[in-house]
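Below: the structure, in structure tokens.
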Amino acid sequence: MKNLKIVTNNDLKNWAKEIFEKNSFKMIDVSEKKETFRRALASGKIYVGKEVFELIKNKKMPKGDPITLAEVSAVLGVKKTSELIPLCHPLPIDHTATKIIMNEEDSSLEVYCAVCAYAKTGVEMEAIMGVNAALITIYDLSKIVNPHLKIDNVKLLIKEGGKTGLWKNPDGLPNFLKDFF
């Protein structure tokens, strides 16, 4: 019993660091961080063409309503982010919401996805994944009519929480969001 050594958390961290620091990738250690309120908002756009746009607007798409299904898909994308992006931490999502805006002038649909959580790390990837899941769902339901579709401009608009506080995309925010942030 004289040779029994007490192992501390720092000993375990140093051991893990020594063994694994030569990897080309690693999940960031957030064990020492405090949980804070985090939120993020991302957006993206899909150009569907006039024919598909009119069919969506008039609820006549052959496979069903892409907007409704895209909103459901966004929720699933948010919830499954850590399963799809290898180094993302699984997070306890407290809220997510998706808004899809139809733009007749360029026959496009804009997707906005907001995510909130009390967590040790941000929810940016979850917001971006929600946008992508929605856009790809719209693509899937629209390609039967016109496979010449374009997904564009997926980006983080806002992130808040942790040490860095509020960050806004330097390219600016859509007009309807300017009063909120």
Side-chain angles (χ1 to χ4, degrees), residues 25 27-28 30 33-50 52-53 56-57 61 65-143 148-181:
F25 56 86
M27 183 180 263
I28 299 300
V30 297
K33 293 175 85 177
K34 295 203 180 319
E35 288 185 354
T36 62
F37 178 72
R38 313 287 184 137
R39 74 176 165 174
L41 175 67
S43 68
K45 196 171 194 175
I46 184 167
Y47 298 89
V48 295
K50 289 182 193 267
V52 172
F53 188 88
I56 292 172
K57 185 170 100 175
M61 288 294 285
D65 179 16
I67 292 175
T68 302
L69 196 54
E71 290 171 350
V72 173
S73 196
V75 173
L76 292 173
V78 167
K79 291 167 69 172
K80 299 285 188 180
T81 300
S82 68
E83 294 176 32
L84 298 169
I85 308 299
L87 301 180
C88 281
H89 294 83
L91 298 177
I93 303 301
D94 293 320
H95 176 73
T96 185
T98 304
K99 180 165 185 63
I100 300 175
I101 299 171
M102 296 184 70
N103 298 309
E104 196 150 8
E105 60 278 354
D106 63 0
S107 301
S108 70
L109 287 82
E110 282 181 280
V111 175
Y112 295 88
C113 182
V115 179
C116 300
Y118 278 91
K120 293 180 177 189
T121 188
V123 292
E124 302 93 289
M125 293 307 297
E126 286 75 9
I128 291 168
M129 186 59 76
V131 166
N132 278 298
L135 290 168
I136 292 167
T137 298
I138 294 167
Y139 192 105
D140 181 47
L141 277 93
S142 301
K143 71 183 190 305
H148 185 63
L149 306 165
K150 179 182 174 187
I151 293 174
D152 195 20
N153 209 20
V154 174
K155 62 184 173 182
L156 182 66
L157 295 174
I158 297 164
K159 74 178 197 114
E160 184 174 24
K163 288 190 297 189
T164 57
L166 179 65
W167 177 88
K168 295 181 193 178
N169 190 304
D171 294 339
L173 300 175
N175 286 333
F176 76 91
L177 291 173
K178 290 186 179 181
D179 292 336
F180 292 104
F181 299 95

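Closest non-hydrogen pair, V52 versus V48, comes out as CB-O, 3.3 Å. The nearest pair of heavy atoms linking V131 to C113 is CG2-CB, 3.7 Å. The shortest non-hydrogen separation linking G122 to L91 is O-CD1, 3.3 Å. Here the shortest heavy-atom pairing between L41 and L156 reads O-CD1, 3.5 Å. Among all heavy-atom pairs drawn from T81 and C88, the shortest one is CG2-SG, 4.1 Å.
Side-chain atoms of T164 do not come within 3.5 Å of backbone N or O of E160 as any donor-acceptor pair. Of the possible polar contacts, one joining the T36 side chain to the G162 backbone as a donor-acceptor pair under 3.5 Å is found. Under a 3.5 Å cut-off, the side chain of S142 and the backbone N or O of I138 do form a donor-acceptor pair.
To the nearest 0.5 Å, the span separating CG on L135 from CD1 on I100 amounts to 8.0 Å. Between the CG atom of D94 and the CZ atom of R38 there is a distance of 12.5 Å, given to the nearest 0.5 Å. K150 contributes atom NZ, which lies 13.5 Å from atom OG of S107 (distance to the nearest 0.5 angstrom).
Partners of D106 by side-chain hydrogen bond (donor to acceptor under 3.5 Å, both in side chains), not counting sequence neighbours, listed by chain and number: K45, S108.
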Item to check | Chi angles and distances behind the side chain to side chain contact (heavy atoms under 4.5 Å, CB included) call for T96, E126 | outcome: CA-CA 9 Å; T96 185; E126 286 75 9; over 6 Å; no
